[in-house]
Amino acid sequence: MEITNVMEYEEIAKKKLPKMVYDYYASGAEDQWTLTENRNAFSRILFRPRVLVDVSHIDVTTMVLGFKISMPIMIAPTAMQKMAHPDGECATARAASAAGTIMTLSSWATSNAEEVASTGPGIHFFQLYVLKDRNVVAQLVRRAERAGFRAIVLTVDTPRLGRREADIKNRFALPSYLTLKNFEGLDLGKNYKTNDSGLTTYAAEQTDRSLSWKDVKWLQTITTLPILVKGVLTAEDTRLAIQAGAAGIIVSNHGARQLDYVPATIMALEEVVKAAQGKIPVFLDGGVRRGTDVFKALALGASGVFIGRPVLFSLAAEGEPGVKKVLQMLRDEFELTMALSGCRSLKEITRDHVMTEWDRPRILPRL
């Protein structure tokens with residue numbers, strides 16, 4: 001079957017993966033209202049395309065934290081990718097590098113920072129959970145720095161894990177032949193007790209509930225890497241992130257896996273963008289499945305988007321070629337959306353190219 005869009009990979013993945021693994025990747029928190037809303041909200045934003053613009057040449061390249069990338073579509077951190085495919089995070093890194101974009105490696109990856117770095121010259125960011133033992137956090141950051149990672153993506157919406165009922169029903173556990181590789185070889189201190197699921201249990205139990213803005217400042221004392229704060233949904237937290245020295249914000253609801261009934265990220269985006277006042281770039285993840293979604297995010301002020309589940313499902317379906325195809329399809333759709341909207345470069349995509357439910361009705365001029 002010819003795959004013509006990103007969503008089709010999910011059905012293939014569902015057939016291929018064990019139920020426990022598919023459910024872990026696919027499910028959201030509690031009623032999964034936000035999970036559905038992350039997608040549905042995009043469908044309520046409509047285009048105001050401009051016509052008779054010469055779109056014979058379109059440039060989709062952009063700069064992120066000083067790095068030139070081929071398109072404003074990057075790879076979000078997703079845990080335990082070897083459950084999807086034996087090549088796991090390394091396949092994803094190679095696909096991102098081939099596409100000329102950025103891959104973010106999860107702290108809870110099944111390949112370590114060094115393995116991902118050795119896949120080639122790509123730009124890699126490292127996602128970080130702050131654990132109770134700051135010494136372990138410092139070791140993780142140093143590990144990422146030494147491996148040549150270019151930024152830290154600090155996830156801030158997870159003082160406790162959300163209630164994902166599918167995982168409770170399935171008694172989710174990382175398969176015994178896999179491990180959280182970034183924690184191997186670290187000095188995990190006296191809190192670490194090995195048992196069957198070892199590092200997975202350790203990592204989940206060690207997330208620090210006391211995490212606060214002062215920790216964002218502390219992180220800057222142990223690394224010179226730029227810090228992206230991932231998980232911000234409000235203007236208030238945007239202003240605090242800027243005060244705390246964040247290099248950028250990722251508007252994220254953790255793929256709807258944490259607090260249910262938060263708005264879709266595309267609905268929260270504009271509030272964050274306005275509060276950021278152009279001081280730092282704002283990115284978005286959550287629900288991006290089409291090039292049209294990417295355009296809508298940029299029109300509402302995002303500097304780029306990150307994709308998560310499409311990577312996991314395409315990785316499960318076809319390995320590295322699947323991830324490459326997802327990135328290519330999204331890029332092609334995005335470029336087409338730009339052409340049909342009359343935009344030749346990212347800076348030509350403006351708020352006037354979309355209409356949302358909260359826009360005041362536009363008064364038509366008298367003819």
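Quick note: numbers below take in every heavy atom, side chains included, and nothing from hydrogens, waters or symmetry partners.
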Report yes or no: do Arg239 and Gln277 form a side-chain donor-acceptor pair below 3.5 Å? no
Between Glu89 and Thr110: side-chain donor-acceptor atoms closer than 3.5 Å: yes
To the nearest 0.5 Å, how far apart are OG in Ser43 and CD1 in Ile266? 11.5 Å
Lys/Arg-Asp/Glu bridge criterion (N-O < 4.0 Å) met for Lys230, Asp285: yes
Check this for me: Arg134, atom CZ, are more than 12 non-hydrogen atoms of other residues, nucleotides or ligands nearer than 6.0 Å? yes
Does the side chain of Gln220 come under 3.5 Å of the side chain of Thr223 through a donor N or O and an acceptor N or O? no
Quick one: do the Asn182 and Asn112 side chains pair a donor with an acceptor below 3.5 Å? no
Would you mind checking if Arg44 and Glu37 are paired as a salt bridge, meaning a charged N to carboxylate O distance below 4.0 Å? yes
Is any side-chain N of the basic residue among Glu145 and Arg143 closer than 4.0 Å to the acidic one's carboxylate O? no
So do the side chains of Ile152 and Phe125 get within less than 4.5 Å of each other, counting heavy atoms only? no
Validation row: Leu327, Ile307 side chains within 4.5 angstrom (heavy atoms): yes
Between Gln206 and Tyr129, is there a side-chain donor-acceptor contact under 3.5 Å, judged purely by atom types and distance? no
Taking NZ, NE, NH1 and NH2 as the nitrogens, is one of them in Lys14 or Glu11 under 4.0 Å from a carboxylate oxygen of the other? no
Side chains of Gln243 and Trp213, donor plus acceptor under 3.5 Å: no
Are Thr356 and Asp359 linked by a side-chain donor-acceptor pair shorter than 3.5 Å? yes
Given side chains that start at C-beta, do those of Phe126 and Thr104 come closer than 4.5 Å, heavy atoms only? no
Could you tell me whether the side chain of Phe334 reaches within less than 4.5 Å of the side chain of Pro72, counting heavy atoms only? yes
Donor-acceptor check, side chain of Gln258 to backbone of His254, threshold 3.5 angstrom: yes or no? no
Sub-4.5 Å side-chain heavy-atom contact between Ile102 and Ile75: no
Is it true that Arg164 and Glu30 make a salt bridge, defined as a side-chain N closer than 4.0 Å to a carboxylate O? no
Are Val294 and Val288 close enough that some pair of their side-chain heavy atoms sits under 4.5 Å apart? yes
Let me see the working for Arg146 and Glu114 under salt bridge (charged side-chain N to carboxylate O under 4.0 Å, His left out), right down to the final yes or no. CA-CA 8 Å; Arg146 277 200 302 268; Glu114 294 81 0; 5.4 Å; no
Between Arg39 and Asp293, does any NZ, NE, NH1 or NH2 come within less than 4.0 Å of an OD or OE carboxylate oxygen? yes
Partner set under salt bridge (Lys or Arg N to Asp or Glu O under 4.0 Å) for Glu320, not counting sequence neighbours: Arg94, Lys324
Side-chain contact, heavy-atom cut-off 4.5 Å: Leu140 with Phe183? yes
